[in-house]
2 protein chains.
Amino acid sequence: MIISPRLERLRDAGYKLTTARATVLGVIETHEGHMTSAEILDEVSKRDSSIGRASVFRTLDLLTRLAIIRPTYTSGSATPTYVLMPDGHHHHIVCVQCHQTIEFEDCGLGVLSERLEAEFGVKLTGHLLEFYGVCGDCSEAGVVDDEG
Amino acid sequence: MIISPRLERLRDAGYKLTTARATVLGVIETHEGHMTSAEILDEVSKRDSSIGRASVFRTLDLLTRLAIIRPTYTSGSATPTYVLMPDGHHHHIVCVQCHQTIEFEDCGLGVLSERLEAEFGVKLTGHLLEFYGVCGDCSEAGVVDDEG
DNA sequence: ATCCGTATTGAGACATGGTATCATTTAACC
DNA sequence: GGTTAAATGATACCATGTCTCAATACGGAT
Ligand SMILES: [Zn+2]
Ligand SMILES: [Zn+2]
Ligand SMILES: [Zn+2]
Ligand SMILES: [Zn+2]
């Protein structure tokens, strides 16, 4: 079992470091990008076929509660894609036509985060910022032609 | 059929104004807040029981593509909640323990939005900003006790 | 190293959420 | 009112996630 720094955050929070949890997190860390649950299940199974389906979902839920990953709606279908939050935050642009995502880094939301903590008496551990619109490819293709 | 300004955006985009679409949007507009698909299905059915399940989902998808609503994962990863984007944006804090959401208004993201449009050649129509952490109630309750 | 108590697990039945198909209906345009 | 393609509803279907519970394994104590 590989114990990554992120995995240790589970132990710090009082959870056991199990093979199932290490494997799921390992898969997500390796992939670095959005993954559907199907992809995660598949890859986990390849690495250790003894890990059960339920544990994968339980781990995804746990990692979400610990703000290590975050489910987001990018694909047209019902399925969320899970994305790692390397430093507690993640930002992207989603094309509402083709569902492609463009990732970007800087957000400048630190100040707002602190203000919100004070204002609402919460402890914030991360954020997700998602812009949506139509990407260059799709506007050229003229999927929605509402001008002219 | 009530034709709200938002509904006209469907026609402007080349879609027909149907009873099913008007009803679904009407339900979401009336509720003003996060709704699960189950709640939407239920309420739509109350207003017009002839409207089929599939059309509700088709309309949710369409409204999402038009950036009128946005699905977000507030309660774990199972079911998204759909939320109206009154002025193209929506912002909230999600408690990762109890899944309660706290809505807030000001984001100051207009500048960043314009910069991204220029940088990536996209046309942005809205954004979702989601902070997560632990709300006051949950930290008092000490659901995760990792200090001291 | 071994033992113990409890969190966690895996299997699989189950529930829920969303989609595909297709004959029928309806909005939009004239 | 007539035409036509988009949209619909019914329903069967599939995918995704959850529940239960006996079995297992982690982590701390010895
Ligand atoms: Zn696109
Ligand atoms: Zn950020
Ligand atoms: Zn909200
Ligand atoms: Zn905003």
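Convention: sequence-line order gives letters A, B, ...; per-chain numbering from 1. Since this is a predicted model, take the numbers as computed values, not measurements.
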- Query: Can the ring centroids of A:His127 and B:His91 be said to lie less than 6.0 angstrom from one another?
  - Reply: no
By the 4.0 Å heavy-atom rule, please label [X] as base, sugar-phosphate, or nothing.
| X | value |
| --- | --- |
| B:Pro71 | nothing |
| B:Arg58 | base |
| A:Ala20 | sugar-phosphate |

Whole-Å distance separating the [atom1] atom of [X] from the [atom2] atom of [N]:
| X | N | atom1 | atom2 | result |
| --- | --- | --- | --- | --- |
| B:Arg11 | C:dT26 | CZ | C1' | 15 Å |
| A:Asp42 | D:dT16 | CG | P | 11 Å |
| A:Asp12 | D:dG27 | CG | P | 12 Å |
| A:Leu10 | C:dA7 | CG | P | 16 Å |
| A:Lys16 | D:dT24 | NZ | C1' | 10 Å |
| A:Glu8 | D:dC26 | CD | P | 16 Å |
| A:Arg21 | C:dG10 | CZ | P | 11 Å |
| A:Phe57 | C:dA15 | CZ | C1' | 14 Å |

- Query: For C:dT8, does either OP1 or OP2 sit under 4.0 Å from a side-chain N or O belonging to A:Thr59?
  - Reply: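 False: A:Thr59 side-chain N/O out of range (4.0 Å or more) of C:dT8 OP1/OP2.
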- Presence of B:Tyr73 side-chain N/O under 4.0 Å of D:dG17 phosphate oxygens OP1/OP2: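 For B:Tyr73, the contact criterion (side-chain N or O under 4.0 Å from OP1 or OP2 of D:dG17) is not met.
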Selected nucleotide, minimal atom distance to [X] side chain, candidates [options]:
| X | options | result |
| --- | --- | --- |
| A:Thr18 | C:dT9, D:dC19, C:dT6 | C:dT9 |
| A:Arg53 | C:dT6, C:dA27, D:dT16 | D:dT16 |
| A:Tyr15 | D:dT8, C:dT8, C:dT26 | C:dT8 |
| A:Ser37 | D:dT11, D:dG17, C:dT8 | D:dG17 |
| B:Leu17 | D:dT8, C:dA28, C:dT6 | C:dA28 |

Which pair of non-hydrogen atoms, one from [X] and one from [Y], has the smallest distance, and what is that distance?
| X | Y | answer |
| --- | --- | --- |
| B:Ser113 | A:Phe131 | CB-CE2, 3.6 Å |
| A:Asp48 | A:Ser50 | OD1-OG, 2.6 Å |
| B:Leu124 | B:Glu117 | N-OE2, 2.7 Å |

- Which residue lies toward the 5' end of DNA chain C, B:Thr19 or B:Ala38, if each is placed at its nearest nucleotide?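 The residue mapped nearer the 5' terminus is B:Ala38.
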- Query: Is it the case that A:Thr74 and A:Thr81 place a side-chain donor and acceptor less than 3.5 Å from each other?
  - Reply: yes
